[in-house]
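Here the structure is a predicted model, which is why all the values come from computation and not from measurement. Here is the naming used below: chain letters follow the sequence lines, and residue numbers restart at 1 for every chain.
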Protein chains: 2
Amino acid sequence: MAEPNQTPSLVDVAARAGVSPTTVSRVLNNRGYLSQRTKDRVAQAIEELNYRPNEVARALLGQRTKMIGVIVPTVALPFFGEVVVSLEHALEQHGYRLLLCNSLGRADLEREYLDLLISNRVDGIISGAHNDAIPEYADIKLPLVTIDRQLAPQIPNVRCDNEAGGRMATELLLRRGCRHPALLTSTSSPRNMREAGYRAVLAEAGIEPIVGTVNFHTPEPRRTQQIDAWLSRWLPNVDGVFATDDLMAGTVLEWAAQSGVAVPDQLRVVGFDGTEAIRRALPGLSTVRQPIRLICRGATDLLLSQIDNHAFSAGDQQRIKPLEFPVSLFEGRTT
Amino acid sequence: MAEPNQTPSLVDVAARAGVSPTTVSRVLNNRGYLSQRTKDRVAQAIEELNYRPNEVARALLGQRTKMIGVIVPTVALPFFGEVVVSLEHALEQHGYRLLLCNSLGRADLEREYLDLLISNRVDGIISGAHNDAIPEYADIKLPLVTIDRQLAPQIPNVRCDNEAGGRMATELLLRRGCRHPALLTSTSSPRNMREAGYRAVLAEAGIEPIVGTVNFHTPEPRRTQQIDAWLSRWLPNVDGVFATDDLMAGTVLEWAAQSGVAVPDQLRVVGFDGTEAIRRALPGLSTVRQPIRLICRGATDLLLSQIDNHAFSAGDQQRIKPLEFPVSLFEGRTT
DNA sequence: GTGAAAGCGCTAACAT
DNA sequence: ATGTTAGCGCTTTCAC
């Protein structure tokens, strides 16, 4: 007696079609010579049983799960949300699925996720999150590509031209007449290329830079308080703000509205990222748009070529030039 | 000669520790009686080989992948991004992983994803996306929970109290002095409970409702154009707008800024959702906050209990009362 | 053109 | 306290 409740297996299909399991497999994978009659019978059995091949079994046998692990700080932030959507669709085009990990910017979680992905035998990893202090990435024997932040010289990295973006934003502020544009960013460092762009333009113009930092993952309401305090301290010396992400720019705009500071007349504001969601929420915000689609396609292509070539990132120790895509400026009401 | 490049298997560990595979398995799963000496030797072999159990093999054997498929329109929108983050962490607490599917609101994609998830033998599905016209959900023999929109009476559904939210938003507008608050929503229908709340309050106040619709997935710039056209048409008859999501509210605010309409004096605006990201981008926006954490925990608990009880949604045909969580009002500068 | 047998990595039954 | 055997669902030799 058959168990009708059980998910049917290939063997069930074979029995029903009166052929061997091998033949069913061949029909499924379109391999070898099959008589039309056999094909039809198998197709019918599949239909009748509503059979779906078990990808888990395929993965075990074939040694490839067709799954890619993606680690980002959190898809609750539109930039990473959009990145993950783009990745998912780029991967899907090649028959890959996406296992999502939100590290929340926590190094411990990120480490755990790395382990998890290895245990699940993902075929590769795309990481858009990194606590730079995670050495584990170095000895991962798995195709790996990072987005935006470069982890190590030999790990492929895809990003936008952050420095050009920083320059464009700063130049826009100067062009609109700002004398003292300030920078508001997450972490000030020599490796912050948006900051580098800002500093370069100001240096050329002979203007003293003013840099404020509020960490990305600072919880509300502290984050807003820090931004407000910083703004109140510098105004009215400052007549423009380049915020290195759009959400920060939004907080600046709100501070201006509440403080009775006119935008753009008294204060000009530019953001960074230009995601669809924020373009809806803040359609007037001037911003530097990242080519997220391009970045994600680039990352996917790099990863899949690694997978296809069995060229594991750990293997080739040579320095790889990061793949950089150009940004574009959107000028809205706030400048 | 061993192949040092290969990922080590449990058999390799067994060989190195001088025990049988079963013993290694027992050590890994902490089952049965093991001598301390054996435990140590196995632990050492695992360490030396840097062995990780192959979850794919475990899944094939145990008939459970510990993976949950999650279908949403797109995590590029903060609401769904935040939902997915919450789900991922709720699931992770129970040892489950999340396979992400962004349906982009397209019925064809949603169908494909359903197939994909079945083929990958996920242990359950949480869907926050539905083209109502997808009958496939009905005959899915898999634990299934929906978020926000109810698919069918017998499928468990978790959501916030949308009608109460609609009421609260509308009442806030009236309380602040609006005489003609309009509704801006994605789809007007009797099943749109936010709209129902709005209509109910207006009916009680004896005010004629004004309803505008702009579909969720309308691409820019058409979306903005539609909203702008609608606003220009109704103002100044309208002195308040309840937008059923925060992004729409953002577009309304921008229209007001560009049209020289003072907020809140000439036009009051309330949104809906209150995600973290939008609270950062538009800190001044009055909005109805959804308890996303609660909703996601509720959905996860319901799903996991289905899984544990082998009670498949298709099985129990009885009507299930949706799980509703209360919303809360945030009043900002825009009202 | 089609089938039988072996095996991917693991664990549950059944020994001992 | 530990080992042996069988099998999850599939594909890949190698036969015929």
A.B. asks: How do B:Leu60 and B:Arg26 order along DNA chain D: which one's closest nucleotide is nearer the 5' end?
C.D. replies: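 Between the two, 5'-proximity favours B:Arg26.
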A.B. asks: Whole angstrom is fine here: how far is it from CZ in A:Arg31 over to C1' in C:dT2?
C.D. replies: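 Result: 16 Å.
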A.B. asks: Quick check on side-chain contact (heavy atoms from CB on, under 4.5 Å): which of A:Leu91, A:Ile68, A:Val145, A:Ile295 does A:Thr300 satisfy it with?
C.D. replies: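 The single option meeting the side-chain contact (heavy atoms from CB on, under 4.5 Å) with A:Thr300 is A:Leu91.
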A.B. asks: Side-chain N or O of A:Tyr33 less than 4.0 angstrom from OP1 or OP2 on C:dG3?
C.D. replies: no
A.B. asks: Spell out yes or no: do the side chain of A:Thr22 and the base of D:dT11 have one donor N/O and one acceptor N/O closer than 3.5 Å?
C.D. replies: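 Under the 3.5 Å cut-off, the side chain and the base do not form any donor-acceptor pair.
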A.B. asks: Roughly how many Å is it from CG in A:Asn54 to P in D:dC8, rounded to a whole number?
C.D. replies: 12 Å
A.B. asks: State, yes or no, whether a side-chain contact exists between B:Leu109 and A:Glu92 at a heavy-atom distance under 4.5 Å.
C.D. replies: yes
A.B. asks: Between A:Arg58 and B:Gln36, who's closer to the 5' end of DNA chain D by nearest nucleotide?
C.D. replies: B:Gln36
A.B. asks: OP1, OP2 of D:dG9 versus side-chain N and O of B:Gln63: anything below 4.0 Å?
C.D. replies: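 Yes, within the criterion.
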A.B. asks: C:dC10 P sits how many Å from B:Arg52 CZ, rounded?
C.D. replies: 13 Å
A.B. asks: In whole angstrom, what separates A:Asp40's CG from C:dT2's P?
C.D. replies: 11 Å
A.B. asks: Does a sphere of radius 6.0 Å around CZ in B:Arg52 hold more than 12 heavy atoms from other residues, nucleotides or ligands, not counting ones at 6.0 Å or beyond?
C.D. replies: yes
A.B. asks: By the 4.0 Å heavy-atom rule, please label B:Val19 as base, sugar-phosphate, or nothing.
C.D. replies: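 B:Val19: backbone/sugar contact only, no base atoms under 4.0 Å.
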A.B. asks: Distance criterion of 3.5 Å, no angle test: do you see the side chain of B:Ser25 paired donor-to-acceptor with the base of C:dA12?
C.D. replies: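 Counting by modelled atom types and ignoring angles, no donor-acceptor contact under 3.5 Å is found here.
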A.B. asks: For D:dG9, does OP1 or OP2 lie under 4.0 Å from any side-chain N or O of A:Ser9?
C.D. replies: no
A.B. asks: Taking OP1 and OP2 of D:dT11, is either one under 4.0 Å from a side-chain nitrogen or oxygen of A:Asn29?
C.D. replies: yes
A.B. asks: Look at the side-chain N and O atoms of B:Ser35 and state whether any lies under 4.0 Å from the OP1 or OP2 oxygen of D:dT2.
C.D. replies: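 The answer is yes; a side-chain N or O of B:Ser35 sits under 4.0 Å from OP1 or OP2.
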A.B. asks: I need the CG-C1' distance between B:Asn30 and C:dC10, as an integer number of Å.
C.D. replies: 17 Å
A.B. asks: Any side-chain N or O of B:Thr23 less than 4.0 Å from the OP1 or OP2 oxygen of D:dG3?
C.D. replies: yes
A.B. asks: Please report the shortest heavy-atom distance between B:Ala129 and B:Glu110, naming the atom on each side.
C.D. replies: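 Minimum heavy-atom separation between B:Ala129 and B:Glu110: O-OE2, 2.7 Å.
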A.B. asks: What's the CG-P distance between B:Leu61 and D:dG9, to the nearest Å?
C.D. replies: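 My rounded result for the distance is 10 Å.
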A.B. asks: Rounded to whole angstrom units, what separation is found between the CG atom of A:Leu10 and the P atom of D:dT12?
C.D. replies: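 In whole Å, D:dT12 P lies 12 Å from A:Leu10 CG.
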A.B. asks: Whole Å only: how far is the CZ atom of A:Arg41 from the C1' atom of C:dG1?
C.D. replies: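 Taking atom C1' of C:dG1 as the reference, CZ of A:Arg41 is at 13 Å.
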A.B. asks: Are B:Glu55 and A:Arg121 side-chain neighbours, meaning at least one heavy-atom pair lies under 4.5 Å?
C.D. replies: no
A.B. asks: Using only side-chain N and O atoms of B:Ser20, determine if any of them is under 4.0 Å from OP1 or OP2 of D:dT2.
C.D. replies: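 Answer is no, no contact under 4.0 Å.
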